[in-house]
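Per chain, numbering begins at 1; letters A, B, ... match sequence-line order.
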2 protein chains.
Amino acid sequence: MAATLLEQRDSSSPARVRLIDVARAVGLTKGTVSRALNDHPDIAETTRLRVRRTAQRLGYRPLAHAQAIRTGRVRSIGLVLQINEHDGHRPFLADFLAGVSQAASGEDWTMTVATAATEADTLRLLSTLWEDRKADGFILPRTYVEDARITTLRDMRVPFVLYGRTGDDTGCAWFDIDSEAAMAEAVSRLRALGHDRIGFVPGGEGPMYARLRWQGFCEGMAREGLPVDPGLVGLPALDRAAGAAATRGLLARDDAPTAVIFAVDQAALGAYDVARDRGLRIGRDLSVVSYDGIPEGALMDPPLSTWAVDTRAAGARLADMLIARARGTPPEDLRALGHATFLSRGSEGPAPGRADAP
Amino acid sequence: MAATLLEQRDSSSPARVRLIDVARAVGLTKGTVSRALNDHPDIAETTRLRVRRTAQRLGYRPLAHAQAIRTGRVRSIGLVLQINEHDGHRPFLADFLAGVSQAASGEDWTMTVATAATEADTLRLLSTLWEDRKADGFILPRTYVEDARITTLRDMRVPFVLYGRTGDDTGCAWFDIDSEAAMAEAVSRLRALGHDRIGFVPGGEGPMYARLRWQGFCEGMAREGLPVDPGLVGLPALDRAAGAAATRGLLARDDAPTAVIFAVDQAALGAYDVARDRGLRIGRDLSVVSYDGIPEGALMDPPLSTWAVDTRAAGARLADMLIARARGTPPEDLRALGHATFLSRGSEGPAPGRADAP
DNA sequence: CAAGGTTCAGAAACCGGTTTCGGCAACCCT
DNA sequence: AGGGTTGCCGAAACCGGTTTCTGAACCTTG
């Protein structure tokens with residue numbers, strides 16, 4: 001007459017199949033069944049198969065939190081999002097979550113999400129989520145050159161995977177998009193259109209992606225035999241207003257660039273504002289190429305040419321990597337680069353005074 | 001010599017404080033301590049306080065999954081997002097999650113998020129997340145007039161809270177924004193600007209919010225003494241292209257409306273496309289008012305006037321309600337309406353041929 | 001002052017799994 | 001043939017909590 005919780009055989013809830021039920025059905029003890037399902041070496045192959053089939057037939061699914069009491073693992077991916085001022089990753093969030101969730105589901109894992117307002121919040125949340133075993137590891141989005149999350153988690157020996165790279169990636173697993181290559185190719189494309197004064201608006205010092213995009217720009221310039229004139233490097237810009245300011249700075253020079261590459265789309269939007277004010281036509285008088293693939297870019301006139309990232313695939317990849325990491329794969333074996341896709345949508349064109357421009 | 005998991009007293013991990021540690025420190029059995037912390041009535045008040053202080057001093061925090069093995073509750077809010085074709089709630093997702101996460105943290109709850117591609121996926125995920133007790137209840141965003149999630153969860157006696165209303169809300173807890181009032185006031189504002197032929201582009205039949213916004217429009221028209229001419233009601237539109245088509249339909253009439261209210265911002269963006277094609281100036285030749293407050297609206301020229309929702313606050317409210325629901329508050333006591341804020345940004349103006357228009 | 005009721009905490013079972021330990025049988029080897 | 005492995009599974013402890021059962025001490029009350 002053991003009353004379980006609220007509902008028992010409420011006709012609605014068909015009484016969950018437990019390990020002991022499988023054991024009885026197959027005529028073994030629950031310890032043996034547990035070892036069989038977890039592929040312990042001291043179980044005969046025939047027994048293992050017999051158990052597995054019975055479990056399958058009965059529809060047995062272990063309760064993660066019951067397992068966790070002994071193993072300490074709940075089969076959950078942790079994700080702490082820092083939502084602050086210029087929340088850059090908004091438009092990609094849904095796709096990213098979809099990717100992580102899908103890959104996690106495939107392995108019977110779930111996703112525990114928390115949000116933080118500050119870095120201190122983030123660190124606190126990472127610690128408690130780990131200590132309370134709400135997650136078996138974390139995906140860290142938006143990495144920085146120096147990233148407190150990484151040192152914290154590394155010290156606590158917590159499994160984690162970076163979405164992006166970092167200054168010192170010792171002991172770090174990561175997945176990133178090869179934005180250097182994208183930026184370098186952006187230079188080459190503009191060069192092929194006749195531009196030889198190509199400006200760059202960087203994204204600042206802190207975010208790792210900003211550094212890498214800057215490096216990529218430099219590599220592209222070197223490859224094309226163009227010098228990186230300091231006068232062609234604008235002020236760092238991560239939002240529209242700063243992007244406009246940076247653009248004005250670049251256009252103020254006598255030998256102003258005929259094309260500008262922006263590290264981030266948001267900043268590139270500012271170029272449109274400046275162009276409108278000055279009567280410049282983007283894609284003709286001034287070419288613009290950027291990176292991120294934000295949806296707003298498609299609404300501009302002309303639509304912004306940019307490098308888009310398959311964020312959903314990235315999320316899925318990262319989830320798989322984290323699960324592998326939590327299962328013991330060394331971080332050094334979990335590092336990979338993906339690539340961005342160029343969306344040529346009209347904001348870049350031939351250099352003025354050449355080819356088809358009058 | 002009991003080896004726990006991987007790390008034990010690794011100097012880095014200071015050995016978690018367990019219930020038994022508190023019990024020993026306070027000189028009671030762990031059963032008693034458990035009852036004291038859970039406010040059982042058979043514990044003396046002085047004892048309860050003594051236990052609570054000791055637990056506090058030692059920094060005791062119960063492991064949710066260890067509690068769950070007996071109670072079946074893991075202190076987690078479930079959220080299944082359906083990410084499909086015209087993913088409307090993208091821009092608000094981060095804010096929404098931030099709200100839920102923040103409120104959940106306050107009660108020592110966490111948030112388990114999953115994404116689905118189809119309705120069948122959604123239902124499957126809700127079931128498994130519940131059966132595996134990965135969540136103690138769910139927040140259901142984007143409700144429909146007839147919503148399979150609701151009937152499923154109601155049948156399974158799962159706690160849930162709607163973000164939005166539904167056709168039959170028996171047994172439903174919900175929080176929603178009073179979009180009827182917003183739409184009605186939009187009519188009044190346009191009427192005050194001299195418009196007497198006001199069109200409406202609805203959002204379709206399925207989503208509950210679409211029905212309510214339509215009702216709100218009708219109420220507003222009635223309040224202003226204006227008839228709802230069927231010719232002033234456009235085709236349903238949820239995205240930009242459909243919004244443009246609906247606008248063309250409305251403008252094709254002889255007695256075309258001078259102002260159009262859109263149920264959703266995305267559709268309203270289409271009006272800009274039509275206006276540009278025909279040389280109409282939004283805010284002068286054609287007034288547009290909409291609802292949602294998507295960020296793209298601010299980028300339009302002129303910026304879109306719309307009703308914005310504090311999605312973050314809504315998320316926090318819903319989280320609190322769900323926790324209350326999971327703790328036993330009857331659904332009827334958990335129903336509330338919030339309100340939207342009008343952002344007058346320039347896409348609405350005096351009716352042509354009146355006041356300052358030549 | 002004895003009978004009966006309350007108050008409160010200890011003891012032990014329990015939740016659903018995992019892991020350790022020990023033992024039996026079958027096999028291997030000289 | 002006998003001793004030592006090896007393969008395989010049962011029994012029981014264990015994880016960190018919650019809940020039930022029981023009984024001692026105290027309080028009423030007639």
Roughly how many Å is it from [atom1] in [X] to [atom2] in [N], rounded to a whole number?
X	N	atom1	atom2	result
A/I20	C/dC15	CD1	C1'	13 Å
A/H65	C/dG16	NE2	P	8 Å
A/L19	C/dT19	CG	P	12 Å
B/D21	D/dC15	CG	C1'	13 Å
B/L63	C/dC15	CG	P	20 Å
B/R16	D/dG17	CZ	P	7 Å
B/I69	C/dC15	CD1	P	9 Å
B/Q67	C/dG16	CD	P	16 Å

Could [X] and [Y] be called an ion pair, given the rule that one side-chain N must be under 4.0 Å from one carboxylate O?
X	Y	result
A/D21	A/R18	yes
B/D121	B/R124	yes
A/D147	A/R149	yes
A/R327	A/D136	no

Quiz item: For A/Y163, which of A/Y144, A/F138, A/W174, A/F96 qualifies under ring-ring contact (aromatic ring centres under 6.0 Å, His included)?
Solution: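 By the ring-ring contact (aromatic ring centres under 6.0 Å, His included) criterion, A/Y163 pairs with just one of A/Y144, A/F138, A/W174, A/F96: A/F96.
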
Quiz item: Does A/T32 put a side-chain nitrogen or oxygen below 4.0 Å from OP1 or OP2 of D/dG10?
Solution: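 Affirmative; the distance criterion is met.
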
Quiz item: OP1, OP2 of D/dG16 versus side-chain N and O of B/R18: anything below 4.0 Å?
Solution: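 Checking B/R18 against D/dG16: at least one side-chain N or O falls below 4.0 Å of OP1 or OP2.
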
Quiz item: Looking only at N and O atoms, is any donor in the side chain of A/R35 or the base of D/dG10 less than 3.5 Å from an acceptor on the other one?
Solution: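 Indeed, a donor on one side and an acceptor on the other fall under 3.5 Å apart.
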
Quiz item: How bent is the helix from C/dC1-D/dG30 to C/dT30-D/dA1, comparing axes over its five end pairs at each side, to the nearest 10°?
Solution: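 Rounded value for the end-axis angle: 40°.
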
Exercise. Kindly indicate whether a cation-pi arrangement holds for A/R75 with A/W109, taking the cut-offs as under 6.0 Å to the six-membered ring centre and within 45° of the axis.
Key: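 Judged by the rule (NZ or CZ under 6.0 Å from the ring centre, within 45° of its axis), A/R75 is not positioned above A/W109.
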
Quiz item: Of the options B/D169, B/T170, B/D168, B/L162, which is the one that meets B/I150 in a side chain to side chain contact (heavy atoms under 4.5 Å, CB included)?
Solution: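 For B/I150, the side chain to side chain contact (heavy atoms under 4.5 Å, CB included) test succeeds with only one of B/D169, B/T170, B/D168, B/L162, which is B/L162.
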
Quiz prompt | Contacts of type side-chain contact (heavy atoms from CB on, under 4.5 Å), residue B/Y60, not counting sequence neighbours | solution =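 Checked B/Y60 against side-chain contact (heavy atoms from CB on, under 4.5 Å); matches are B/V17, B/L19, B/V22, B/L37, B/A55, B/P62.
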
Quiz item: For DNA chain C, which residues in residues 38-57 of chain A have a heavy atom at a distance below 4.0 Å?
Solution: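 Going residue by residue through residues 38-57 of chain A, the ones with a heavy atom under 4.0 Å of DNA chain C turn out to be A/N38, A/H40.
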
Quiz item: C/dG10, D/dA13, D/dG17: which one has an atom nearest the side-chain heavy atoms of B/P62?
Solution: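 That would be D/dG17.
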
Quiz item: Considering only C/dG16, C/dT18, D/dG17, which nucleotide approaches the side chain of A/A66 most closely?
Solution: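 Nucleotide nearest to A/A66's side chain: C/dG16.
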
Quiz item: Between B/T143 and B/T166, do the side chains contain an N or O donor and an N or O acceptor separated by less than 3.5 Å?
Solution: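 B/T143 vs B/T166: no donor-acceptor pair found between side chains.
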
